[in-house]
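Here is the structure we will look at, set down as structure tokens.
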Amino acid sequence: MSIIVQKFGGTSVANTERLRNVADIVTSTYKQGNDVVVVVSAQGDTTDDLIEKAAEINENPSKREMDVLLHTGEQISMSLLAMAIEKMGYPVVSLTGWQAGMETDRNYGGARIKRVAADRIRSELDRKRIVIVAGFQGINREGDITTLGRGGSDTSAVAIAATLGADLCQIYTDVDGVYTADPRIVKDARKLDAITYDEMLELASLGAQVLHNRSVEMAKKYNVDLEVVSSFTRNPGTKVKEGSNVEKMIVSGVARDNDCARVAIINLEDTPGVAFKVFSLLAKHKVNVDIILQSVGRDNKKSITFTIPEQNAEMVQALLEENKEMLGFEALSVNTHVAKVSVVGAGMASNPGVASKMFEALAGANINIRMISTSEIKISVLINEDDSEAAVKAIHEKFFSN
Ligand code: ADP
Ligand code: ASP
Ligand code: MG
């Protein structure tokens, strides 16, 4: 007998028919003699609809109240799924995040799971019940409801799997695995049988939304056996696992992130400590800075350009303007119409020429590169947002067409 955690995303639980389909998958796993914990997302576009509703009533609601609102979506799916399973005659119980012991830090809207106090889940499993847990939500030390950030249900599932020492954590979604690029953009993207944690973590962090990046981070840390599968087909999915370059590919995927912004601080003093002043100010305000570029100094002046998440753009612009005198710059430019396109692959460290191949693809598509950043296993470029689909297609074609 095994412990299996199965997570179902928004499309998979979108309506009655799909909930019945999920109930079939869950009960057949249970019938095989397994302990089954199910994690669900909100149905379809529920979370987006709730965000719109909030904006109608208050354009700047507190993060606490946003979490109280947003966590309701998952609660609807968990109870409906429990009812579908009840109707089939199986023992089942649904639990909210706090009932399931999902303890988080206090960071509303982007909370991190600190611990899963899984006594309740364990005792329900001991009673031979199928346990359904609302994804994406937890409770902080103040006893307030928190949410984990968009796409966070994957992380709820992996946290539960890690805590229970589950034999398998399956992420059921609307594609049948992890592809070499988003199959909605690249029609001939190839499904991967397996991918390493490190490569998957890069892809997820660089915009491939198929897995929440923190879920991959956690799966790697606790060595959770993770699998991405379709809830609509019975095709084999993609295994995410330890290992070096499991498919022996130089590049395993192309990712795109449209949610970034480029900030240029023009003509700062070219003296020691200036970069420290800029980036410590951003760090104090918890802004995640990604690619950083500093121009060659001239006439005792230099410029610093960097990228940040698009949702921080307005705040960062205001913050820098407020501190213009202290930082001593001449002008500021913030552009939100940019996108980051990346290639990821564990094999590129030992294979020269990947960057030039990527740049050749972009040149062929007449796409201008604004910034470049590299690491051992990825190369990212910043380009105009309007070019991003064409860029993904051209780069994919260059690396994956035979
Ligand atoms: P869920 O609601 O099940 O969590 P998501 O929408 O969060 O589903 O993630 C699945 C989507 O991720 C797919 O529909 C696909 O368009 C997108 N996606 C982006 N990059 C990739 C990739 N490399 N492989 C597979 N899917 C990807
Ligand atoms: N319902 C949440 C969202 O739409 C969490 C999730 O789907 O994982 O972001
Ligand atoms: Mg998701």
Side-chain angles (χ1 to χ4, degrees), residues 6-14 18 22 39-52 66-67 69-78 97 102 109-111 113 133-138 146-159 170-195 199-216 227-233 235 237-238 240 249 251-259 341-345 388-389 392 395-396 399-400:
Q6 299 182 317
K7 178 259 169 179
F8 295 88
T11 329
S12 306
V13 294
R18 289 185 182 171
V22 169
V39 174
V40 285
S41 290
Q43 292 185 284
D45 296 330
T46 303
T47 310
D48 291 323
D49 295 345
L50 291 171
I51 290 171
E52 255 173 52
M66 270 315 276
D67 279 2
L69 178 68
L70 294 191
H71 98 289
T72 60
E74 273 64 16
Q75 213 165 317
I76 296 175
S77 340
M78 76 178 201
M102 308 297 291
I113 297 171
V133 179
F136 176 58
Q137 56 180 264
T146 52
T147 65
L148 310 182
R150 299 303 306 269
S153 296
D154 300 333
T155 301
S156 310
V158 173
Q170 296 179 306
I171 306 291
Y172 282 87
T173 183
D174 54 7
V175 283
D176 50 13
V178 179
Y179 280 71
T180 48
D182 187 339
R184 282 192 233 194
I185 301 179
V186 179
K187 295 292 166 241
D188 57 354
R190 182 162 87 70
K191 189 175 74 186
L192 301 167
D193 296 331
I195 185 168
E199 288 171 304
M200 191 62 237
L201 182 56
E202 286 288 351
L203 279 178
S205 305
L206 292 167
Q209 100 215 65
V210 61
L211 283 175
H212 194 227
N213 61 351
R214 293 220 305 277
S215 73
V216 186
E227 186 181 41
V228 178
V229 274
S230 165
S231 57
F232 303 116
T233 70
N235 298 339
T238 301
V240 186
M249 290 158 65
V251 163
S252 56
V254 184
R256 167 184 80 159
D257 181 4
N258 278 352
D259 295 324
V341 173
S342 312
V343 294
V344 171
S388 69
E389 275 207 25
V392 171
I395 294 168
H396 190 274
F399 283 98
F400 294 100

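Starting from 1, each residue takes its place in the sequence as its number. When a ligand or atom number is given, it counts from 1 through the structure's own listing order.
Side chain of E227 to backbone of T238: no donor-acceptor contact under 3.5 angstrom is found. Under a 3.5 Å cut-off, the side chain of D257 and the backbone N or O of L206 do not form any donor-acceptor pair. Remark: the backbone N or O of S41 is paired with a side-chain donor or acceptor of S77 at under 3.5 angstrom. Judged purely by atom type and a 3.5 angstrom limit, S215 has no side-chain atom pairing as donor or acceptor with the backbone of T155.
By heavy-atom distance, the residue among R256, R184, H212 lying nearest atom 11 (C) of ligand 1 is R184. Of the candidates V210, V392, T11, it is V210 that places a heavy atom closest to atom 27 (C) of ligand 1. Considering D182, T180, L192 only, the shortest heavy-atom separation from atom 19 (C) of ligand 1 involves D182.
Ligand-side atoms of ligand 1 in range of V178: 24 (N), range being under 4.0 angstrom from any heavy atom. Atom numbering of ligand 1 starts at 1 in the shown order; those under 4.0 Å from a heavy atom of D174 are 10 (C), 11 (C), 13 (C), 14 (O). Listed by atom number, the atoms of ligand 1 under 4.0 Å from A181 heavy atoms are 22 (C), 23 (N).
The shortest heavy-atom distance from P183 to ligand 1 is under 4.0 Å. Look at L203 and you'll find every heavy atom at least 4.0 Å from all atoms of ligand 1. Contact between G177 and ligand 1 is present, with at least one heavy atom of the residue lying under 4.0 Å from the ligand.
For the atom pair CZ of F400 and CD1 of I395, the computed distance is 10.5 Å after rounding to the nearest 0.5 Å. Rounded to the nearest 0.5 Å, atoms NE2 (H396) and OG1 (T180) are 2.5 Å apart. Atom CD1 of I51 is separated from atom OG1 of T46 by 11.0 Å, given to the nearest 0.5 angstrom. Summarising the geometry, atom OG belonging to S342 is positioned 12.0 Å from atom CZ belonging to R256; distances are rounded to the nearest 0.5 Å.
In terms of protein heavy-atom proximity, atom 3 (O) of ligand 1 is closest to T173 OG1, 2.7 Å.
Some N or O of Y179 is nearer than 3.5 Å to an N or O of ligand 1, by distance alone. The distance criterion of under 3.5 Å between nitrogen or oxygen atoms is not met by S12 with respect to ligand 1. The distance criterion of under 3.5 Å between nitrogen or oxygen atoms is not met by D154 with respect to ligand 1. Between G10 and ligand 1, at least one N/O pair is under 3.5 Å apart.
Just one residue in the list I171, T173, V228, D193 forms a side chain to side chain contact (heavy atoms under 4.5 Å, CB included) with V178, and that residue is V228. No option in R214, Q209, H212, K7 other than K7 meets the side chain to side chain donor-acceptor pair (under 3.5 Å) test with D154.
Taking a cutoff of 4.0 Å between a charged side-chain nitrogen and a carboxylate oxygen, R18 and D174 do not qualify as a salt bridge.
Put simply, the side chain of D176 does not reach to within 4.5 Å of the side chain of F232, judged on heavy atoms. Between S156 and L148, the closest side-chain pair of non-hydrogen atoms falls below 4.5 Å. With contacts defined as side-chain heavy-atom distances shorter than 4.5 Å, the pair R150/D48 qualifies.
Looking at K7 against ligand 1, only its side chain comes within 4.0 Å, counting heavy atoms. Residue contacts with ligand 1, taken as heavy atom pairs separated by less than 4.0 Å, involve Q209 via backbone and side-chain atoms alike.
For ligand 2, the 4.0 Å heavy-atom shell takes in S41, A42, T47, E74, F136, R150, G151, G152, S153, ordered by chain and residue number.
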